[in-house]
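Notes follow the structure.
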Amino acid sequence: MKTIGEIKQVYLDELELRKSVCVTKATSLQADNKLDEANFEKIKVNVFDIFTTLFNASEKKVNASVKGTDLEKYNQFCIEYLETFNKIPSSWRIKLEYSIKNNLIADKVIEELKLDVADSLKNLFNEMRES
Amino acid sequence: MTEDQAIQLFKCLSDKSRLQILKNLIKEPMYVELLAERLELTPSTISFHLKKLIDVGLATSYKEQYYVVYSINEKMLENTILELVKIDSNEHEAQTEREENYRNKIIKSFFVMGKLKNIPVQNEKRKIVLLEIAKAFEQGKKYTEREINIMIADYYDDFCTLRKYMVSEGIFERENGIYTKL
């Protein structure tokens, strides 16, 4: 993919799909009295929302700052967006380390969950970028 | 166990996955991976639930070679719901205080300068008012109807109605025209 528009379409559609799977799961888990697991799904939904917002913010920033060809904008956009996968989860990693150190199982599970979703989205984005 | 701990216990039990874990642990002690396989949950989710069960005292763990094995805490499971509900709480004092505040509010709104404005229609409010007037009488002392009427008239002109209410509410006992405050 070589333009922001192209990757935006497929990437955000996939994000929306994954998010809707989590929403459905959360509803069904809640109905099945598995409230904590339903909350885990809701946490995943929040992470999808965060990276959707960051995608749009990165696009906006590049469109406003880069005065070049679509390809140049696209390359800068990829750098910008990929950087968010380092920036945002860094506090989650710190929390994870703290929770492991202090044997805070609940926090550990939640931070691992958030980082897993972030990693999966980073991989998805890279796969789409390279295709 | 405190009331707050009992609440945490009930909260912990109100989750299907945790109940399933307990059901498995009742059969035999187990380690995380086996529970994860049986319940089709990730090991980290199982650990999450086990931590909650341990925190409320429903489960316990011990090391066996390389594994941490989890088992139920039978003593905790032997508690009956009745025992847990009966645990002392500070709510009783709060309830008493709320009742006292309510009583004062009723007295304030139905009495002006020590005189009753009107007889409350609601039973509960009427009883509060009657008990307030009854404070003027000595417990166990016998009064004639005339004495009663004079004393009640200090509070309200329709002393007959008030006197009858006091008898029907069990504040006074009437026998051969003599009234005794119970």
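Below, chain A is the first sequence line, B the second, and so on; all start at residue 1. Computed over heavy atoms, backbone and side chain alike; hydrogens, waters and symmetry mates excluded.
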Nearest 0.5 Å please: distance from the OG atom of B:S47 over to the CD atom of A:E112.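 CD of A:E112 is found 9.0 Å from OG of B:S47.
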Just how far is it from atom CZ of B:F48 to atom CG of A:D107, taken to the nearest 0.5 Å? 9.5 Å
Does [atom1] in [X] sit with more than 12 non-hydrogen atoms of other residues, nucleotides or ligands closer than 6.0 Å?
X      : atom1 : value
B:E138 : CD    : no
B:E37  : CD    : no
A:L71  : CG    : yes
B:N101 : CG    : yes
A:Y98  : OH    : no

Heavy-atom closest pair (B:T45 atom, A:F40 atom, distance to 0.1 Å) is CG2-CE1, 4.0 Å
So do the side chains of A:D36 and B:R18 get within less than 4.5 Å of each other, counting heavy atoms only?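 A side-chain contact exists here, since the closest heavy-atom pair is under 4.5 Å.
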Would a single hydrophobic cluster contain both B:L131 and B:M166, if residues Ile, Leu, Val, Met, Phe, Trp and Tyr are joined by side-chain heavy-atom contacts under 4.5 Å? yes
Under 3.5 Å, is there a donor on one side chain and an acceptor on the other for B:S17 and A:E37?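 Present: a donor and an acceptor within the cut-off.
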Any donor-acceptor pair under 3.5 Å linking the side chain of B:D15 with the backbone of A:L35?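 Indeed, once roles are kept as given, a pair shorter than 3.5 Å links the two residues.
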Is B:T42 in contact with chain A via its backbone, its side chain, both, or neither, using a 4.5 Å heavy-atom distance? neither
Side chain / backbone / both / neither for B:L41 at chain A, heavy atoms under 4.5 Å: side chain
